[in-house]
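Inspection log for the structure reproduced underneath, given as structure tokens.
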Amino acid sequence: MIQFVFLILIPCLVIGLCVGLIKPTHAPGSIEPSWRLDTQTNYTIDIGYWDTHDTPQDRHYYFNISKITNVSPDGIERNMTLINGAYPGPLMEANSGDVLYIHVLNELDEPTTIHCHGLFFSKESYNDGASSINQCPIPGDGGEYTYRIHIDEDQWGTYWYHSHYGAQQADGIFGPIVIHSEQERKILNTTYDEDVVVMVNDYYQDMANVYMAEYLGPDNENTEPVPDDGLIQGSNSYEYNPDTYVASDGSSRNITYKESYISDLKFHKDKTYRVRLINAGYFAQLNFAIDEHKLKVIEADGTNTEPLELESVDLSVAQRYSFILEPPKGTLTQYWMRARFNTFCFNTDNSNLNPEFHAIVRYNDGNTTLPESESWPYNGGDVRCRDLDQSLLKTLGSTVPLQANGSTRPDVSVDLEVSFQIGAYQLDRGYFNDMTWKPLVNSSTMTELALNPGNNSLRTLSPKALESKNSDQYLLNFDQRGQIVDLIINNYDDGAHPFHMHGHKFWVLMVNDRGYFQEDFYDQGSSPMNFQNPILRDTVSIPGFGYGVIRFVVDNPGVWPFHCHIGWHMESGLLLQINELQDEYSRLEFPETWKNLCVSQ
Ligand SMILES: *[C@@H]1O[C@H](CO)[C@@H](O)[C@H](O)[C@H]1NC(C)=O
Ligand SMILES: *[C@@H]1O[C@H](CO)[C@@H](O)[C@H](O)[C@H]1NC(C)=O
Ligand SMILES: *[C@@H]1O[C@H](CO)[C@@H](O)[C@H](O)[C@H]1NC(C)=O
Ligand SMILES: *[C@@H]1O[C@H](CO)[C@@H](O)[C@H](O)[C@H]1NC(C)=O
Ligand SMILES: *[C@@H]1O[C@H](CO)[C@@H](O)[C@H](O)[C@H]1NC(C)=O
Ligand SMILES: *[C@@H]1O[C@H](CO)[C@@H](O)[C@H](O)[C@H]1NC(C)=O
Ligand SMILES: *[C@@H]1O[C@H](CO)[C@@H](O)[C@H](O)[C@H]1NC(C)=O
Ligand SMILES: *[C@@H]1O[C@H](CO)[C@@H](O)[C@H](O)[C@H]1NC(C)=O
Ligand SMILES: *[C@@H]1O[C@H](CO)[C@@H](O)[C@H](O)[C@H]1NC(C)=O
Ligand SMILES: [Cu+2]
């Protein structure tokens, strides 16, 4: 079996013969199965409409979440949990200043939530969507809840949403969000004719719980399940071989294979495109490129950047980049879009997986020929699990907060040690310092802290301490508006972790793939830290045995999870909570529908 995989992969990676192995593309005019979202239509944006509808308004989206049986995004049939019966999830759009309403109907037989990744939720932390932290989840069998999210005037760019309950994201509950803004158009100083969302994700061919049970079980030393496949726009054509295929639960499962296809993305040669790339995966970092096209990066996680020209871009799960697609030099009319997993980020092999997968950039609608374009040189991935060098990204139009006297030091600095440790019953769990997270049962951190501030088991208000460590909830408490906080994240694990902070973006002052942070890095001159225009984003990968320093300002009342965005790692406890301005958020008026979610558990 191993040999078989080698026979395919070696010529594929080295000589680029993958092309010969690629199966059907989407034939124009063919009928879509009802569970497939038409991404060509839904992920292409009518910018004319959004340019002229800038006055603040309400935007309503209706999500009916249910289990759909026998769907096959890449050919292998399975069940999924889907929004409005389609995969992947629909695009949500709004302008800065709008109010987004997400009306959720939960027809699953288990609870769910929706988290809008990267939004600030000003004065609405309770609508962040993190289960057991910002809310009790929406019950199954017909439970309903409406998220109301006011989008800040100074928030725009590319985001995404996903279930923040258990491993549901991996089973299909996710989709893109685009926030348009007049202000962004001014900052960018570049024009484009069309906006296209490209969503790429790793993919498991069975329900995530099947893999989770083994991952969290005894004697598994943080060996994450390696994806079976990768999708672009929710689609791929998997090379299924019944003789070599290894089923997720050890072969008792009978596989049904349906014809599938790789995505065709239609473009026009005389137009300029802004591509909004999202890594909506559960685990895998990937490298993304389009043959013979340079990518001019202009946005990272909703922050505009100085233009950065790249042949390919690496991105961790949950990260987004916008780039202007520069027209190709050649005369071909179709080109491969390539995504490759960095297999050095995997702890084991999955013989089912082909780590390079494709879509087609097609300039002549109606032609079904496969591309003959050549890949940019690719070194097969760095021999380490390393993300894009963050120091290449420079924020446009915003600078790092410093002390009034110009000092680069923060008001508060917190050391976080990241590790995986084997505890009771031989179970391996993710730790921040000495704490591993377990979700509260029948309650949420916000419910406890906001509605019962003087009498809860999570935090005592007198004396006020920076850290609270109760009931498996690790809180960092910040009570002073305007404080500058640095988190110094030391990764003692061999794997890279893409950390995400809710409710904020943070400045990535430095990331280093070896060594230790030194206090004197704050002193200007010899400093490897950037205090001018480092990138301001919501997800950053800290390499194995490396470290990073990120900065944010205490200005958004709420409870904000800070966690590794690898779904397996979050479920194994690599999560803490920033409890920010509790006095202020406790005075908010919490909706009765929100309070009722905890009562109805
Ligand atoms: C596609 O996206 C728009 C948002 O631009 C949304 O309103 C619409 O309902 C979506 N269509 C489908 C079929 O989901
Ligand atoms: C899908 O769901 C159906 C109905 O609940 C069940 O009978 C079937 O075994 C499931 N299939 C898989 C592959 O889990
Ligand atoms: C929700 O979606 C499921 C599956 O598509 C469908 O059977 C059900 O009727 C929908 N419910 C409502 C209220 O639209
Ligand atoms: C805007 O772009 C034009 C053309 O690329 C350039 O000449 C000009 O300096 C830019 N303006 C600013 C404010 O960056
Ligand atoms: C798989 O298919 C075979 C042959 O149809 C059948 O005997 C067996 O029970 C099936 N196994 C499962 C787990 O459904
Ligand atoms: C499709 O594109 C190929 C390559 O550019 C070209 O040789 C062929 O003539 C085209 N076919 C049609 C039907 O346009
Ligand atoms: C600058 O201000 C900070 C905070 O007020 C203070 O801790 C620090 O000592 C000051 N540094 C200098 C050089 O004055
Ligand atoms: C949570 O609520 C359920 C349903 O009301 C109840 O059965 C269960 O005992 C509760 N668990 C805890 C730990 O309170
Ligand atoms: C604190 O909470 C416990 C358990 O809910 C309750 O029994 C007790 O009366 C409360 N104490 C005060 C002072 O509210
Ligand atoms: Cu992680």
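Positions are given from 1, in the same order as the sequence printed here. Numbering of ligands and ligand atoms starts at 1, following listing order.
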Self-check item: Nearest neighbour in protein (non-hydrogen) for atom 5 (O) of ligand 7
Solution: Gln403 OE1, 4.3 Å
Quiz item: Centroid-to-centroid, Tyr161 to Tyr159, below 6.0 Å?
Solution: no
Quiz item: Of the protein's non-hydrogen atoms, which lies at the shortest distance from atom 11 (N) of ligand 3, and what is that distance?
Solution: Asn64 ND2, 2.8 Å
Quiz item: Given the protein's heavy atoms, is any one of them under 4.0 Å from atom 14 (O) of ligand 7?
Solution: yes
Practice problem: Look at atom 4 (C) of ligand 1 and find which of Thr44, Ile45, Leu91 reaches it with the closest heavy atom. | Solution: Leu91
Quiz prompt | Which residue and heavy atom of the protein sit nearest atom 7 (O) of ligand 1, plus the separation | solution = Tyr61 CE2, 3.8 Å
Practice problem: Using ring pair (Phe, Tyr, Trp, His ring centres under 6.0 Å) as the criterion, point out the one residue from His500, His115, His164 that pairs with His565. | Solution: His500
Quiz item: Which heavy atom of Leu325 sits nearest a heavy atom of Phe267, and at what distance?
Solution: CD2-CE2, 4.0 Å
Practice problem: Please work out which of Asp411, Leu402, Asn405 has its closest non-hydrogen atom nearest to atom 3 (C) of ligand 7. | Solution: Asn405
Self-check item: Pro90 neighbourhood, listing ligand 1 atoms whose heavy-atom distance to it stays under 4.0 Å
Solution: 14 (O)
Quiz item: So is there a nitrogen or oxygen of Ser407 less than 3.5 Å from a nitrogen or oxygen in ligand 7?
Solution: no
Quiz item: Of Thr305, Thr158, Asn304, which is the lone residue that meets side chain to side chain donor-acceptor pair (under 3.5 Å) with Glu299?
Solution: Thr158
Practice problem: Check ligand 1 against Glu93 and write out every atom of the ligand that is under 4.0 Å from a heavy-atom position of the residue. | Solution: 4 (C), 5 (O)
Exercise. Report the relative orientation of the aromatic rings in Tyr547 and Phe521; use parallel for angles under 30°, tilted for 30 to 60°, perpendicular for over 60°.
Key: parallel
Quiz item: Strictly under 6.0 Å, is that where the ring centroids of Tyr145 and Phe63 end up?
Solution: no
Practice problem: Take atom 9 (O) of ligand 7 and look for protein heavy atoms under 4.0 Å from it; say yes if you find one, no if not. | Solution: no
Exercise. Test His180 against every option in Trp156, Trp50, Tyr49 by the ring pair (Phe, Tyr, Trp, His ring centres under 6.0 Å) rule and name the one that passes.
Key: Trp50
Exercise. Can you sort out which atoms of ligand 3 are near Ser66, meaning under 4.0 Å from one of its heavy atoms?
Key: 2 (O), 3 (C), 4 (C)
Quiz item: Is there any N or O on Asn42 that sits under 3.5 Å from an N or O of ligand 1?
Solution: yes
Quiz item: Does the separation of the ring centres of His502 and His504 fall below 6.0 angstrom?
Solution: no
Quiz item: Counting each atom of ligand 3 from 1 as listed, which ones have a heavy atom of Glu107 under 4.0 Å away?
Solution: 1 (C), 3 (C), 8 (C), 10 (C), 11 (N)
Exercise. Go through ligand 3 atom by atom and flag the ones less than 4.0 Å from a non-hydrogen atom of Leu105.
Key: 13 (C)
Quiz item: Do the charged groups of Arg551 and Asp486 touch, with an N to O distance under 4.0 Å?
Solution: yes
